[in-house]
Number of protein chains: 2
Amino acid sequence: MIWVNVRPALPGLRVGVQNRVSMTSAEPSRQAPADPCADCDARGESVCNAIGDEFLPRLAEATQVTHIEPGQCFITEGEKADAFFNITAGSAKLYKLMADGRRQITGFAVRGHFLGLAVSATYAFSAEAIEPVRLCRFPRAKLFRLLADFPALERRLLERAATELVAAQEQMLLLGRKTARERVASFLRAQALAAPCGRPRAMVALPMRRGDIADYLGLTIETVSRTLTRLRAEGIIEIPDQTRVLLRDPARLARAAEG
Amino acid sequence: MIWVNVRPALPGLRVGVQNRVSMTSAEPSRQAPADPCADCDARGESVCNAIGDEFLPRLAEATQVTHIEPGQCFITEGEKADAFFNITAGSAKLYKLMADGRRQITGFAVRGHFLGLAVSATYAFSAEAIEPVRLCRFPRAKLFRLLADFPALERRLLERAATELVAAQEQMLLLGRKTARERVASFLRAQALAAPCGRPRAMVALPMRRGDIADYLGLTIETVSRTLTRLRAEGIIEIPDQTRVLLRDPARLARAAEG
DNA sequence: CGAGGGTTTGAATTAGATCAACTCTCGTGG
DNA sequence: CCACGAGAGTTGATCTAATTCAAACCCTCG
């Protein structure tokens, strides 16, 4: 068995860190804004919104805004888990690797996702940017201090973890018991709902590669491609280009996702 | 495709509830012991140990000790999530069903497991006893009051959820990318470690049926059986009876679980 | 225009599923 | 005490969905 979908992780990767620098390009003249977290356009989707406006400077003090380029790895499975991450823009894939290169993508993270929750001293998965990622990096100790001071934040994290767990169980059902057709259809439906921008969209963005979809669904690239082609031939979807899919018949797609 | 591993859930099942009754049969004469949670032999493994001894009466007030017989279902997917559960004895299987009967077991719960974490108003999975189960049932409102009063309990739940999430990701890797042989070997290794009783055991108890193992590993009963037979033929395991497996060569089993 | 990476399509192969006996154990009752 | 039957597990023979191998097909970009 040979597995080639994998791009090796870049081990000693350096990422550019900008500490408390506002990303608002409309105001390039202001240096060191009083409160970068107040300007954060991901505040609505993020766990940090458990912290009231009056404490935002305290929040800003605990975090570093960081940019990650596509293909760069910002969490590596097995390495010391010394920080937590909150994605504020872009998208990333989370995955586990086996010794022989087999890969399972356990999820895609977009704006508002919080990464790194782990009791263990090391990360249980790797994370790599798909589109350019902007994220807030919380050193372990600082986050724990925040948690101690803001119980609402801890509650929010618990809710997030519970939601992730439910999603993981759904994914186990998909991986263990669904056919290729059902997996692809389920994936398209989920992507339509999971978009960071509100209501279910008919036009689904697929910023990840076919190999990523395959490794997320437990299939091969070829099977994903064939299945998408089939769904298009049946008039259920349209594929204007490789990064987008139009859901032309959501009802039939829903039926294809179940029995 | 026909799927027969499934035993239909019993919908309107009644379970016997004993409110704050000590299970210690050695002291049948004492009625209404001052502090049942202090006697709890699962306290070491349970999240409740985040609550100090001095507050145990408060804890006991919030919970009901309940017994579940094998085959009985005490959580049903889709139903109103009005309670949380802490298993204190026995074992249960957690699973999701598809409309046509396909089943994915998402985990096995033993002493110390906390169930029902969910933001949603309904349970995302079903739970059915395998061996006779003893559990503490926490009505939703009472647990939330406990969480508000004991931040350490909330922290403990967050740790648990994070640990479960890591396990779920490992299971996704298994379901999405491992061969039948690797799945069965991984399962046996995990069971040897996950036993509620401390260190890895060479003799692994398998209280669940072959069909349960199959639905947990995303395989069929026949494939599980054949794979176990093969591992036995290779001298890696012994199968004294259907409910137990002896790990005869843990090193080779570990190799069988990976590439 | 040509190279190279990603994707699609086609043909051959296979791991695991399906179908079908057969075995084992255990409880029941004549 | 033993025949019987039911449920669970095992084993064998076939089948198939998805993988593997192989080749074309697109884009994009220098």
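Naming: A, B, ... by sequence-line order, numbering from 1 per chain.
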A.B. asks: So, does Thr220(A) get its side chain near the phosphate of dT19(D), meaning an N or O under 4.0 Å from OP1 or OP2?
C.D. replies: yes
A.B. asks: Nearest of dT8(C), dA18(D), dT11(D) to any side-chain atom of Thr229(A)?
C.D. replies: dT8(C)
A.B. asks: Specify the separation, in whole Å, of atom CD1 of Ile221(B) and atom C1' of dT11(D).
C.D. replies: 14 Å
A.B. asks: Quick test of your reading of the model: are Asp215(A) and Arg209(A) salt-bridged, counting only N-O distances below 4.0 Å?
C.D. replies: no
A.B. asks: Using whole Å, report how far CG of Asp212(B) lies from C1' of dG9(D).
C.D. replies: 13 Å
A.B. asks: So, are Arg244(B) and Asp241(B) salt-bridged, with charged N and O less than 4.0 Å apart?
C.D. replies: yes
A.B. asks: Could you tell me how far apart Gln242(B) (CD) and dC24(C) (P) are, to the nearest whole angstrom?
C.D. replies: 11 Å
A.B. asks: Rounded to the Å, how far apart are Asp241(A) CG and dT8(C) P?
C.D. replies: 11 Å
A.B. asks: Output yes when at least one side-chain N/O atom of Arg210(B) is less than 4.0 Å from OP1 or OP2 of dA8(D), else no.
C.D. replies: no
A.B. asks: Taking only side-chain nitrogens and oxygens of Thr223(B), does any of them come within less than 4.0 Å of OP1 or OP2 of dA15(C)?
C.D. replies: no
A.B. asks: How many Å lie between CD1 on Ile239(B) and C1' on dT25(C), as a whole number?
C.D. replies: 16 Å
A.B. asks: Rounded to whole angstroms, how far apart are CZ on Arg232(B) and C1' on dT11(D)?
C.D. replies: 11 Å
A.B. asks: In whole angstrom, give the distance that lies between atom CG of Leu219(A) and atom P of dG16(C).
C.D. replies: 15 Å
A.B. asks: To the nearest Å, give me how far apart CZ (Arg209(B)) and C1' (dT25(C)) are.
C.D. replies: 13 Å
A.B. asks: Would you check if Phe74(B) and Ile87(B) make a side-chain contact, meaning some heavy-atom pair closer than 4.5 Å?
C.D. replies: yes
A.B. asks: Is any side-chain heavy atom of Glu182(B) closer than 4.5 Å to a side-chain heavy atom of Leu174(B)?
C.D. replies: no
A.B. asks: Report yes if a donor N or O on one partner sits less than 3.5 Å from an acceptor N or O on the other, where the partners are the side chain of Arg226(B) and the base of dT18(C); otherwise report no.
C.D. replies: yes
